Structures are given as C-alpha cells and as structure tokens.
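Bear in mind that the values here come from a model prediction, so they are computed numbers and not experimental data.
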Amino acid sequence: MMKKIVSMMLILAMAMMLAVSAGADEFPQPEGGKKFETNWSIFGTTVEINYEEEGYRVYVKSTDPYTYSGTEWEYSCYYNEEKDALMSVSSSKNSFSTDPATGEEVRGEYAYQGLDEPDQVTMFLIDGTGSLTWEDGRGQDGADLVFTDIGAFKGFWRSEDGETFADISWNDSEIGDEYGYNVFLHEGNMEHSLHGLYNPETRKLTVYGLEDNAVRVFSALDNGRILLETGGIELEFDLLGGDSQG
C-alpha cells in the first residue's frame, strides 16, 4: 500500500510540474541534463536520448544479426539534479524478430509496460570517463554495460538549396573497421560513400573514402543542425529522407 501511495505522489508531482510548465512560452531543458542528449553505443546495442520538452525519451535497442531478433526498451525520464541522473517514470520492454527474406518485423508481447513503482525506477548516469551507464530498475538488462557517446548524426540531412545532402547510418559491426558511421554524401554532381568515427571531445564526425584521400568533417551545431565543414554548409534533418528526392 505504501508503495502505491509513494508512486501516486510521484505521478502527482510530475503532473504539477507539467502544469506549471504548460503556462510558459518555452520548456527550458535542465542544464545538467544536456550532456545526456545524444546517441550512445556498444557492439549490438544503441541508446538514443532526446529531450522532448516535458522530459527525456530514452530508447534502447539491442539486436542480434545472427538470429534476426532483438529487444527494445523505452523510458520516459526526468533529470534528477541531486543524483545527476536521468530517472524513469515509466518504462517498457518489447522483443521483435525480422524476416530476413522480406524485412517484415514481428513484434512480441511486452515483458512490461507502464508506470514505474519506486523500486522499479531505472537510472542512466554518466561516469568519470564520459560513458553512459544503465541501472535497470526492473532487472539486470543494463548490468555491466558501458556506452560510448557516438553523437546524434544518424538520419538524412539536407542543405537549404538541396545541392548537398548526406544519408548517415550507424554500423556497430564487429568485423574489421566497420564499426562507426556509414555516410552517403552528395555534393553538387559528386557522390561519395564514406565511413568514419565521431569524437565526443570535439563533437566532430570525420569520414574517409574519397578518391584523393581527403576527408570530410561534420560537426554538431547548437541549433539542431550539422555543419559540413568543407564549404561551411549547414545541413538540417529531413524527416522524409531520400523519399523526397523523387
């Protein structure tokens, strides 16, 4: 009974915070929480953290390329300044499998889904090395996992004039040097298939593969765009991706 009372008090407190925020023109992101908002990875698992005004959405995806199956976790979190951590309010866990012939995805039943009791709260923290750790409140799924900041470059990005665009995908393969970002870059009438790694200290993604051994460098901007440093071209995220090319 006491757990339910504490849980309801937490929900009420969150609701009051949202009500106060709803009257403001903006929803300021907690300064201490900004360091979490990026993508993180280890072999086989990625974590995407996005601030969505009222809190943080944390999406974890683990895949096994040999069995064409995997698991997804999704958390609604808030930033706790005292613990310097993202703490969950609700969470879900769901399995999936993919038909290799058709690419069709089949969803399994949820292992759990809903609001977290006080003893079910999951925490995401950043350790002294700048890596992300996952303290799973509903089991041991995050035990001993340490994630590296890989930047938020995944997706389709386009310049305002449409002359330059980049299709960027993450590849966490354990084969050779394939781990990192694959980048298909279109510059004017030139097209390049590139590969590279992100440096969290510089916030830059450096990619290679050009015929003249030159490199291209992308950097993250505070306005949500990325900068192709060659030519100083800003690219913005295109939700429609290559489909809008016609």
Side-chain angles (χ1 to χ4, degrees), residues 1-21 27-64 70-96 108-154 170 172 198 200-201 203 220:
M1 181 66 178
M2 180 58 68
K3 287 184 178 180
K4 291 185 177 180
I5 293 175
V6 174
S7 181
M8 290 301 296
M9 290 176 65
L10 175 61
I11 296 168
L12 180 60
M14 290 293 293
M16 292 176 64
M17 290 171 60
L18 293 177
V20 171
S21 300
F27 299 86
Q29 182 179 3
E31 193 64 32
K34 291 182 179 179
K35 59 183 173 290
F36 291 90
E37 192 181 19
T38 182
N39 294 343
W40 308 80
S41 180
I42 59 172
F43 286 121
T45 304
T46 55
V47 182
E48 298 180 13
I49 301 180
N50 294 290
Y51 183 68
E52 298 181 340
E53 297 182 342
E54 72 277 6
Y56 292 85
R57 175 183 178 271
V58 181
Y59 172 69
V60 184
K61 184 174 184 179
S62 177
T63 57
D64 184 340
T71 307
E72 295 176 340
W73 297 260
E74 191 165 352
Y75 300 90
S76 295
C77 298
Y78 67 97
Y79 174 67
N80 184 300
E81 184 174 3
E82 181 180 355
K83 295 182 180 294
D84 193 19
L86 298 186
M87 302 183 66
S88 69
V89 176
S90 67
S91 58
S92 66
K93 178 181 178 180
N94 184 225
S95 62
F96 65 89
E109 294 185 2
Y110 280 95
Y112 53 77
Q113 182 183 35
L115 295 172
D116 295 327
E117 297 287 350
D119 61 352
Q120 296 175 328
V121 172
T122 291
M123 289 200 304
F124 294 91
L125 304 100
I126 296 178
D127 65 19
T129 68
S131 301
L132 183 78
T133 61
W134 171 20
E135 296 186 5
D136 181 13
R138 294 195 186 228
Q140 297 297 315
D141 289 329
D144 301 323
L145 300 183
V146 179
F147 298 86
T148 301
D149 181 2
I150 61 170
F153 288 87
K154 186 179 73 172
W170 177 252
D172 63 358
Y198 172 71
E201 294 184 1
R203 300 180 69 197

Are the side chain of Tyr51 and the backbone N or O of Pro28 linked by a donor-acceptor pair below 3.5 Å? yes

Between CD of Gln140 and CD of Glu135, what distance do you get to the nearest 0.5 Å? 10.0 Å

Hey, are Lys35 and Asp149 close enough for a salt bridge, meaning a charged N less than 4.0 Å from a carboxylate O? no

Does a side-chain heavy-atom distance below 4.5 Å link Thr45 with Phe147? yes

Please say whether more than 12 non-hydrogen atoms of neighbouring residues, nucleotides or ligands are located less than 6.0 Å from CG in Asp127. yes

Out of Thr148, Ile150, Ile49, Thr46, which one pairs with Trp40 under the side chain to side chain contact (heavy atoms under 4.5 Å, CB included) rule? Ile49

Distance alone, cut at 3.5 Å: any donor-acceptor contact between the side chains of Ser91 and Asp116? yes

Exam field: side chain Asn39 to backbone Glu48, donor-acceptor pair closer than 3.5 Å: no

Stepwise, does the side-chain contact (heavy atoms from CB on, under 4.5 Å) test hold for Met123 with Lys83? CA-CA 9 Å; Met123 289 200 304; Lys83 295 182 180 294; 3.7 Å; yes

Does either side chain, that of Tyr79 or that of Glu31, offer a donor lying less than 3.5 Å from an acceptor on the other one? no

Do side-chain atoms of Asp84 reach the backbone of Leu125 as a donor and acceptor pair under 3.5 angstrom? no

How close do Gln120 and Ser88 get, counting heavy atoms only, and between which atoms? O-OG, 4.2 Å

Would one find more than 12 heavy atoms of other residues, nucleotides or ligands at under 6.0 Å from atom CD of Glu52? yes

Which heavy atom of Asp172 sits nearest a heavy atom of Ile42, and at what distance? OD2-O, 3.7 Å

Using the ring of each side chain (for Trp, its six-membered ring), is Trp134 parallel, tilted or perpendicular to Tyr75, with breaks at 30° and 60°? perpendicular

Strictly under 6.0 Å, is that where the ring centroids of Phe36 and Phe124 end up? no

Would you check if there is a donor-acceptor pair between the side chains of Glu37 and Tyr56 at a distance under 3.5 Å? no

Quick check: closest heavy atoms across Phe96 and Glu72, and the distance to 0.1 Å? CE2-CG, 3.7 Å

Passing candidate, side-chain hydrogen bond (donor to acceptor under 3.5 Å, both in side chains) with Trp73, options Asp141, Asp136, Thr122: Asp141

Considering all heavy atoms, the nearest Cys77-Leu86 contact: CB-CB, 4.1 Å

